[in-house]
There are 4 protein chains.
Amino acid sequence: MSETMTEFARAVQDILAAGQRMDARGWVPATAGNISRRLSDGRIAITRSGCHKGFLQGADVITVDEAGKPHNAGDKPSAETLLHCQIYQQDPTAGAVLHGHSVAATVLSMTEKSPALHLADYEVQKVFEGQSTHEASVPVPLFDNDQDIARLAREVEPSFGSMPAGYIIRGHGVYVWGKDMPTALARLEGLEFLLACMLERRKLGL
Amino acid sequence: MSETMTEFARAVQDILAAGQRMDARGWVPATAGNISRRLSDGRIAITRSGCHKGFLQGADVITVDEAGKPHNAGDKPSAETLLHCQIYQQDPTAGAVLHGHSVAATVLSMTEKSPALHLADYEVQKVFEGQSTHEASVPVPLFDNDQDIARLAREVEPSFGSMPAGYIIRGHGVYVWGKDMPTALARLEGLEFLLACMLERRKLGL
Amino acid sequence: MSETMTEFARAVQDILAAGQRMDARGWVPATAGNISRRLSDGRIAITRSGCHKGFLQGADVITVDEAGKPHNAGDKPSAETLLHCQIYQQDPTAGAVLHGHSVAATVLSMTEKSPALHLADYEVQKVFEGQSTHEASVPVPLFDNDQDIARLAREVEPSFGSMPAGYIIRGHGVYVWGKDMPTALARLEGLEFLLACMLERRKLGL
Amino acid sequence: MSETMTEFARAVQDILAAGQRMDARGWVPATAGNISRRLSDGRIAITRSGCHKGFLQGADVITVDEAGKPHNAGDKPSAETLLHCQIYQQDPTAGAVLHGHSVAATVLSMTEKSPALHLADYEVQKVFEGQSTHEASVPVPLFDNDQDIARLAREVEPSFGSMPAGYIIRGHGVYVWGKDMPTALARLEGLEFLLACMLERRKLGL
């Protein structure tokens, strides 16, 4: 087995385990969500379109190039592959990207009319890139959903560099990334925990 | 083993796995819910009356004909078998039917006085038959519960063809179907996710 | 192995499995709750005091007589053993008793000032003894908590025969029973599901 | 294997199992939380900084002395190790300490402006040290979060001896302890259950 094969096999393992974890938390209902890993040769391993992320098989992970084009012409990547590619392009340190759909992210993003949610005074926000205290305020940008993914990507573009906790598409879900899969998963869990807290606080009228 | 036997065995596997999945999500409390699969010879494999869907054994799945009559005279199918038969009759593409009882479906259906819930602006609604954008509005009809299942079926009848996300019986639960079990399960998860979102939004006064 | 031994061993299995199930649902936090089975010779197999119900071992199940006295003088049964004995005495068909502490039962029983919760219009209420339609109203009596279990038992006594869904001790939890463990568990799941629905409806101001 | 080795190995097992349990309940999102056990020679076995508590490996548990200094100079204990050491110093009976981050603890502690939450009328509060009735009121002190852990420890210090259910750091999480790991876990479950009840009651306006 070549080095490249081995690295791909590890990426597949990471993606399957992440899918099971996200499913256990209820963040990938139906066939929602998608998951990717960047390989050292620049290829992106990503979930095939239409699979349930809690029950992924090895064959459900395909590779695309930096522009989102499948290496195997017959493969159909997720419609949102372009958003993964954009993250890898904009953040050279990114090694894994997670996109999930939680109840809290969906509800808060449809409720909040301003362009971002602001996380403040939470210890857990220290999990995000560059954060060392609960006393900071971490913005999580909200973008309107759009079936035209290229157009959506252009809306997201200017915010790169100032969204350490990832971003949310309204009525849709979160995008979170990290240097490797454990880092991306920790940030996803951190963000979802904080969104759950925020939703509870809003129910208390706060 | 004959082809028919093999197909039935696969249907049983599908039904047991679906029951465990629905139980893990809390959608089949007590002995609630029922699950079926249509076989290629027109027979319907369906859960026996009174079983817990999270702990089904192979012997808990029986077969009935298109009118709901058990092939084995001693078998007692669920009281709601007729609603499964109706779906298979009305939708020739249907291969699997799921009926579950969730807190969100129960509560929303008892709260909402209008004849349908409307799903709009959610990315996940694309999981339903024929939906390609969050910008549509998908109606989920609500029918009053009735212990007379034949009468309830007559109430549901006119809505076939215009309920891509299935329907809800008030204070009771959802009916969802698809061409095969994975499709039916994905739609069930999609619908339950959206009902959970809707319930949270109502708690926020929206 | 004698017949009696075998029956006790089966009772232990039932109790361990019920404990794991209740723990998975979050209904036996800390060392809360207790679980019993009546044996054919009149002995009652019941959980020892102070154990976590999700991690029971065979040695955590002891036997007591009809008055709650341990057969083995060194065994310490739960303080609430008397309430189990009372159920077995009052309902000769009872074969299993479950006592759990859920968030919904705790909160609703502390909120509701009237002497009972009333379950109505829910399909799931058909799981309770003698119920055949959602159109009935099933009362679930609420009793004030009391560390004097004998006195609490006297308060509960007059309600036997008119509480098909069991009863609730305020700020404490539910007591549910059935002819065997699967029946008792189905009723517990039914009751907890309906309490969860009722709590959600109250949050909507209903 | 020496006695000391064996005791450390058992402590590691306790810590890994506690981490998995807390993760299953959603109380250690991302890399939050930390877990320790005191060994009979005074050393403290504690989770390494930055690990996910649901996926701990044996190598993720290190030992520190009574002042929090790692025995192996290369080990980096959690920033909050000092709070564990303080508990072991203040309570000579303490054998295990758990620190978790739940949604309920986070939200209630950020909502409540007074210096403590008060648990009253709950049967489950009997799980805490010295409590024998639901009729008592158990205070759970709330301390403002502080990235300066030594300063935070000084704020907590005067409350030792009068916080049988542990304490909460605002926007951060709970600290709970017991003579051994099962006792500490039972108290954690009891406290989290009661915080969940309290949060639900506040949503009902109570």
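Because the structure is a prediction, the values reported are computed rather than measured. Residue numbers start from 1 in every chain, and the chains themselves are labelled A, B, ... in the order their sequence lines are given, proteins ahead of strands.
Chain B forms the most heavy-atom pairs under 4.5 Å with one residue out of A:Gly173, A:Ser102, A:Gly26, and that residue is A:Ser102. Of the listed residues (B:Pro182, B:Ala196, B:Cys197), the greatest number of heavy-atom pairs within a distance under 4.5 Å of chain A belongs to B:Cys197.
For B:Ser132, the part lying near chain A is the backbone, with the side chain staying farther off; criterion is any non-hydrogen pair under 4.5 Å. Only the backbone of A:Ala24 comes within contact range of chain B, judged by heavy atoms closer than 4.5 Å. Contact of A:His101 with chain B is made through backbone and side chain together, with heavy-atom distances under 4.5 Å. Residue B:Ala104: no heavy atom, backbone or side chain, is found under 4.5 Å from chain A. Contact annotation for A:Asp23: both backbone and side-chain heavy atoms come within less than 4.5 Å of a heavy atom of chain B.
Heavy-atom neighbours of A:Glu66 CD from other residues, nucleotides or ligands within 6.0 Å: at or below the threshold of 12.
Salt bridge status for A:Lys203 with A:Glu200: present, with a side-chain N to carboxylate O gap under 4.0 Å. A salt bridge is absent between A:Glu7 and A:Arg43: the closest approach of a Lys/Arg side-chain nitrogen to an acidic carboxylate oxygen does not fall below 4.0 angstrom.
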When you look at B:Glu192 and B:Arg25, which way does the side chain to side chain contact (heavy atoms under 4.5 Å, CB included) test go after all the steps?
CA-CA 10 Å; B:Glu192 290 293 355; B:Arg25 297 300 194 201; over 6 Å; no
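One finds the CD1 atom of B:Ile87 at 7.0 Å from the CG atom of B:Leu83 (value rounded to the nearest 0.5 Å).
By the 4.5 Å heavy-atom criterion applied to side chains, B:Phe143 and B:His172 are not counted as neighbours.
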